[in-house]
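This is a predicted model, so every value here is computed, not measured. Note that ligands are numbered from 1 as they come in the structure, with each ligand's atoms numbered from 1 the same way.
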Amino acid sequence: MALNVVIMAAGKGTRMKSAQPKVLHRLAGRSLLQHVLDCAAGLGAGRVVVVTGHGAATVEASVAGSGAVCVRQEPQLGTGHAVQQAVPALDAACDTTLILYGDVPLIRSETAAALVAACGGNALALLTVELADPSGYGRIVRAGDAVRAIVEHKDASADERAICEVYSGIMAAPTAALVRWVRALRNDNAQREFYLTDVVALAVAEGVPVVARSVADPMEVEGVNSPAQLADLERRLQRRHADALLEAGVRLADPARLDVRGTLVCGSDVEIDVNCIFDGEVTLADGARIGAHCVLRDAQIGADAVIHPFTHIEGATVGAGALVGPYARLRPGAELGPEVHVGNFVEVKNSRLAAGAKANHLAYLGDATVGERVNYGAGSITANYDGAHKHRTVIGDDAHIGSNCVLVAPVTVGAGATIGGGSTIARDAPAGALTLARARQVTIAGWQRPRKASKQG
Ligand code: UD1
Ligand code: MG
């Protein structure tokens, strides 16, 4: 069924006390609005309309490229007024319109799809939730089983305020009827606002069926209004990520100290120590072990690889059985083969290390191709950048690079070559030979250190 989605994102978010529009604050690595846009994408919506107002330019810039259309609501005269602004941007060929809030991030596509199905292009379908403390919310007023109206808290009588079934803010409506209803809204209420919720009474008056679907998981319709609520939702969401991983057999040292800001896919017998952050798409193969305080973003870690504490990995792959860290940094394009060792304070960027290669201490490999079983000494670096261009360093299998070498790219070190420690290698070094490029050691016998002239008394 062709679907319009309207995302309301014009509100100020005063309680965030932030210069940044509320809907751009991040939850699990994505903006609140992005979560909602992803939900709309999951529904295969034909048209997505974002209603902007406060911080409109910033919100619109963040939406650019998503395919969504933005309409401005200035000033903000209520949720019904917001939908009025969206009307010209709706696709009339989409017979159902779904209303979502930009600050209610965890609504699942499945839940929204069920509401759209309940609407069926001819009923008004409301997503509701039962709350122990319903204060502040619009109450679902029924006559018998039938929904008659939504009454806002500020307009509600004492009897109505006792109702615990509340409107979540999410509805699905027949597009043509919604357009008709929002045009008919009035603002003769306690807040002098155009309430979208008044469409319920209009539907009832027209004899259009109104159905209420209650959400099974209240977290799906929880809104974010303050930093405290955002942090609280983040922790509960992360706890769910952790519980799902534990359920799948991942051994987390502490489920309360894990952050997944993207997708984390784990094989069997994976262990994750405390305070790790997984961003983007991360895969940990069977038996991988991640030490404490690691940050991994868009990374694939091979089977039985061990990532020691305080390691940063971004845009990199780590082969089976490799050892990385502590305090290592793998930057985009780092590809470590099986059984590679990369130790403390080693930085690798856009470089391939073949099986069994080792760079164990204090080294830099940038734009390099490193053969099998190469030993890359402490303090050695590739000088890959001449101030204008990057150049490659190629090191053949079984080469041994001593400590404190500078490999000035473009340069090739042949297979089995040995480079003496402290060498600056600016020309290719042949295979199988020892190459040294440093001043010869000399000893000057009987040399006297300078002394201060002794003072005359
Ligand atoms: C609204 C509902 C209420 C429901 C509650 C759920 C109405 C009249 N009331 O109340 O029944 O229980 O949500 O959270 O709809 N917004 C705009 N433009 C505006 C006003 C609001 O874009 O002019 C956006 C806000 O940014 C926010 C959403 O609409 O994302 C809801 O607005 P809010 O002021 O929080 O509505 P509530 O009074 O909480
Ligand atoms: Mg609200």
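Checking each of K12, H81, H54 against Q76 for a side-chain hydrogen bond (donor to acceptor under 3.5 Å, both in side chains) leaves exactly one that passes, namely H54.
By the 3.5 Å distance cut-off applied to N or O atoms, Q191 is not counted among the residues near ligand 1. Between G78 and ligand 1, at least one pair of N/O atoms sits closer than 3.5 Å. For ligand 1, none of its N or O atoms has an N or O atom of A82 under 3.5 Å away. The shortest N or O to N or O distance between I150 and ligand 1 is not under 3.5 Å. The shortest N/O to N/O separation between V51 and ligand 1 does not fall below 3.5 Å.
Within the listing of ligand 1, atoms 7 (C), 8 (C), 9 (N), 11 (O), 15 (O) sit less than 4.0 angstrom from a heavy atom of T197. Less than 4.0 angstrom separates some heavy atom of G138 from each of these atoms of ligand 1: 3 (C), 4 (C), 11 (O), 12 (O). Distances below 4.0 Å separate heavy atoms of T79 from the following atoms of ligand 1: 7 (C), 8 (C), 15 (O), 20 (C), 21 (C), 29 (O), 31 (C), 32 (O). Close approach of ligand 1 to A10 is summarised as follows: ligand atoms under 4.0 Å from at least one heavy atom of the residue are 17 (C), 18 (N), 22 (O), 26 (O). Per-residue contacts place M8 under 4.0 angstrom from the following atoms of ligand 1 (heavy atoms of the residue considered): 22 (O), 24 (C), 29 (O), 30 (O). Shown in contact with Y195 at under 4.0 Å from a heavy atom are these atoms of ligand 1, numbered in order with element: 8 (C).
Ligand 1 is never approached by G223 to a heavy-atom distance shorter than 4.0 Å. Within the 4.0 Å heavy-atom shell around ligand 1 one finds L77.
Ion pair D269/R251 flagged as a salt bridge, since at least one NZ, NE, NH1 or NH2 atom sits closer than 4.0 Å to an Asp/Glu carboxylate oxygen. We find that K22 and D103 are joined by a salt bridge, their nearest charged nitrogen and carboxylate oxygen being less than 4.0 Å apart. Between R235 and D259 a salt bridge is recorded (basic side-chain N to carboxylate O distance below 4.0 Å). The residues E160 and R139 are annotated as not salt-bridged, no charged nitrogen and carboxylate oxygen being separated by less than 4.0 angstrom.
Donor-acceptor pairing under 3.5 Å is recorded for the side chains of S135 and D133.
When all heavy atoms of A354 and G371 are compared, the pair lying nearest together is CB-C, 3.6 Å. Minimum heavy-atom separation, D155 to A190: OD1-N, 2.7 Å.
R261 places no side-chain N or O within donor-acceptor distance of the main-chain N or O of I277, the cut-off being under 3.5 Å.
Evaluated by nearest non-hydrogen atom to atom 13 (O) of ligand 1, the leading choice among Y137, Y101, Y167 is Y101. Compare Q76, K154, E152 by their heavy atoms: the one nearest to atom 11 (O) of ligand 1 is in E152.
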CA sep, side-chain torsions, deciding dist, call: E152, K154, salt bridge (Lys or Arg N to Asp or Glu O under 4.0 Å) = CA-CA 6 Å; E152 292 305 304; K154 286 183 179 153; over 6 Å; no
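Using a 4.0 Å cut-off between heavy atoms, H81 makes no contact with ligand 1 at all.
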